[in-house]
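Let me begin by presenting the structure, written as structure tokens, before commenting on it.
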Amino acid sequence: MSKTLHNGLEILELLARHKHGLTTTEIAEGISVHRTVADRLVRTLEAHRLSRRTESKRILLGAGLVTLAGAVEQDLRELAGPILEELADTAHATAHLAVREGEDAVRALMVIEPRNSRAHVGFHPGQVDPIDRGSAGLAMLAALPPREGERPEVTRARERGFAVTSGEVTHSVTGISATLPNRRPADLVSIGVSVFDSSEEQKLGEAVMAAARRLGALLLR
């Protein structure tokens, strides 16, 4: 294993956990290296646009990571696009595709607004939320083996096939999500909708499960 590469990747993982950035000294302490080593590694990451430095000398993740991630997930986006558009229009709701981000978070990969609705939910691609808050994360947790002390909503989602939360990610908005079948724990993906009116919860849950199965089948081809 390359120690230098390992340290560079550790920096990226460390920065991902600190959205407001870190100083070079804090990075050095975080990965247990000398400050001069951390500075050299950070400058290398900056040269490849994987990190950037603010005017206050704090280090943040760089835009180059978006390009890399986009290339990896392009097939998923292309296959999911038509399914999300159909789901958004038929459910009259904002549809979203989310992926697991490490152990403790989920990231919104795509957000599709319905073409036939005037009310849209304030939810955007790239948004990262804790895995234990919001329907996307709870649906992913429900796809894993039961854990001691898990939220009742996760147990309920495992029984129903879809997760439901209200006001956890966006105020006054209910999220309903289901995971794609046959995914490894590290590669969990969910499809969901965000609605203001959750009176048809079961119907919407069945719709997101059907969409998840359709996308899952396409990915297995």
Side-chain angles (χ1 to χ4, degrees), residues 13 16-17 69-88 90-91 93-112 121 123-170 173-195 198 200-221:
E13 293 171 351
R17 297 193 295 270
V72 171
E73 296 164 339
Q74 188 61 35
D75 287 345
L76 178 57
R77 294 173 193 264
E78 291 177 353
L79 292 172
I83 294 174
L84 286 181
E85 289 174 359
E86 181 179 338
L87 177 62
T90 57
T94 300
H96 43 80
L97 182 78
V99 295
R100 189 173 184 181
E101 189 92 337
E103 291 291 322
D104 303 317
V106 297
R107 174 168 54 89
L109 184 60
M110 295 181 70
V111 177
I112 303 293
V121 176
F123 191 61
H124 57 84
Q127 180 172 320
V128 176
D129 294 296
I131 199 169
D132 61 351
R133 292 189 63 81
S135 65
L138 296 196
M140 293 182 191
L141 292 176
L144 302 173
R147 297 181 181 179
E148 184 178 353
E150 70 181 11
R151 292 181 57 180
E153 293 87 349
V154 175
T155 306
R156 177 70 168 149
R158 194 175 288 116
E159 296 169 350
R160 302 175 76 184
F162 61 91
V164 180
T165 61
S166 294
E168 293 195 357
V169 173
T170 305
V173 171
T174 294
I176 301 173
S177 298
T179 53
L180 274 60
N182 304 316
R183 304 287 293 182
R184 295 179 301 177
D187 299 324
L188 289 172
V189 178
S190 73
I191 282 181
V193 293
S194 296
V195 297
S198 59
E200 296 187 328
E201 181 180 294
Q202 183 63 36
K203 182 178 178 180
L204 291 170
E206 291 172 358
V208 296
M209 285 193 295
R213 288 193 296 269
R214 285 175 59 197
L215 181 56
L218 290 175
L219 291 172
L220 290 174
R221 287 182 180 177

Exercise for the section: Please test Glu150 against Leu141 for side chain to side chain contact (heavy atoms under 4.5 Å, CB included), starting from the C-alpha separation and ending with a verdict. Expected result: CA-CA 9 Å; Glu150 70 181 11; Leu141 292 176; 5.9 Å; no

Practice task
Could you please spell out the steps behind the salt bridge (charged side-chain N to carboxylate O under 4.0 Å, His left out) verdict for Arg151 and Glu168?
Solution key: CA-CA 13 Å; Arg151 292 181 57 180; Glu168 293 195 357; 2.5 Å; yes

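When the shell of 6.0 Å around CD of Glu200 is examined, it contains 12 or fewer heavy atoms from other residues, nucleotides or ligands.
For Arg213 against Pro181, the heavy-atom pair with the smallest separation is CA-CD, 4.2 Å. The two residues Gly134 and Val169 come nearest to each other via the heavy atoms CA-CG2, 3.6 Å. Contact between Leu79 and Pro82 at its shortest, heavy atoms only, is O-CD, 3.6 Å. The minimum heavy-atom distance linking Ala143 with Leu188 is given by the pair CB-CD2, 4.1 Å. In terms of heavy-atom proximity, Leu97 sits nearest to Leu215 at CD1-CD2, 3.8 Å. Considering all non-hydrogen atoms of both residues, Gly192 and Leu87 come closest at O-CD2, 4.2 Å.
Atom-to-atom distance recorded for Leu76:CG and Leu218:CG is 10.5 Å, nearest 0.5 angstrom.
With contacts defined as side-chain heavy-atom distances shorter than 4.5 Å, the pair Val164/Glu201 qualifies.
No donor-acceptor distance shorter than 3.5 angstrom exists from the side chain of Arg214 to the backbone of Ala80, with no hydrogens or angles considered. The main-chain N or O of Gly102 is found under 3.5 Å from a side-chain atom of Arg100 such that the two form a donor-acceptor pair. Using modelled atom types, one side-chain atom of Thr165 and one backbone atom of Ser135 make a donor-acceptor pair closer than 3.5 Å.
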